[in-house]
Amino acid sequence: LPEQYDVTIVSPDKDFFQLLSDDIQIVRPIQSRSVAKLRKEAEEEGRPQPNILGSTFHVYTMADFEAAYPGLKPRQFIDLLALSGDSSDNVPGVRNIGVK
């Protein structure tokens with residue numbers, strides 16, 4: 001995309017994390033009970049509070065991704081899901097491999 005565009009992808013599918021960049025953000029719907037959990041985790045880890053629109057959407061940026069998956073590039077995210085498994089896509093993953 002030309003540099004002058006900022007893109008927002010709205011989808012519940014975390015597979016789109018592989019497209020994140022400084023110009024692309026992902027907006028995912030979240031369950032209301034997850035809002036408190038997201039805020040608590042950010043506070044405990046010393047991260048900025050998540051950008052939550054109302055109480056039903058979470059805006060994911062590169063900063064959010066880097067905080068959640070240190071050392072991982074967005075394009076590698078789909079590989080992580082393939083190795084660790086992804087029940088929403090019926091991917092079993094490799095035994096004893098996953099996010100610790």
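Any value given below was found using the heavy atoms of this structure, including those in side chains, with hydrogens, waters and symmetry copies removed.
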Once rounded to the nearest 0.5 Å, what's the spacing between atom CG of D79 and atom NZ of K73? 12.5 Å
To the nearest 0.5 Å, what is the distance between CG on L80 and CG on L72? 6.0 Å
For Q76, does the CD atom have more than 12 heavy-atom neighbours from other residues, nucleotides or ligands under 6.0 Å away? yes
Are there over 12 heavy-atom neighbours, none belonging to R47, within less than 6.0 Å of that residue's CZ? yes
Closest non-hydrogen atoms of M62 and P74, given as atom of the first, atom of the second and distance, are SD-CG, 3.6 Å
If you look at every heavy atom in Q25 and T61, which pair is closest and at what distance? OE1-CG2, 4.0 Å
Which residues pass the ring pair (Phe, Tyr, Trp, His ring centres under 6.0 Å) test with F16, not counting sequence neighbours? none
Under the side chain to side chain contact (heavy atoms under 4.5 Å, CB included) test, which residues partner P29, sequence neighbours left out? P12, F57
Y69 side, atom OH; D64 side, atom CG - distance, nearest 0.5 Å: 11.0 Å
Taking every non-hydrogen atom, the tightest pair across F17 and I26: CD2-CG1, 4.1 Å
Does any non-hydrogen side-chain atom of D23 lie less than 4.5 Å from one of Y5? no
Do any pairs count as a salt bridge (charged side-chain N to carboxylate O under 4.0 Å, His left out) and have a residue in residues 12-21, sequence neighbours left out, and if so which ones? K14-D86
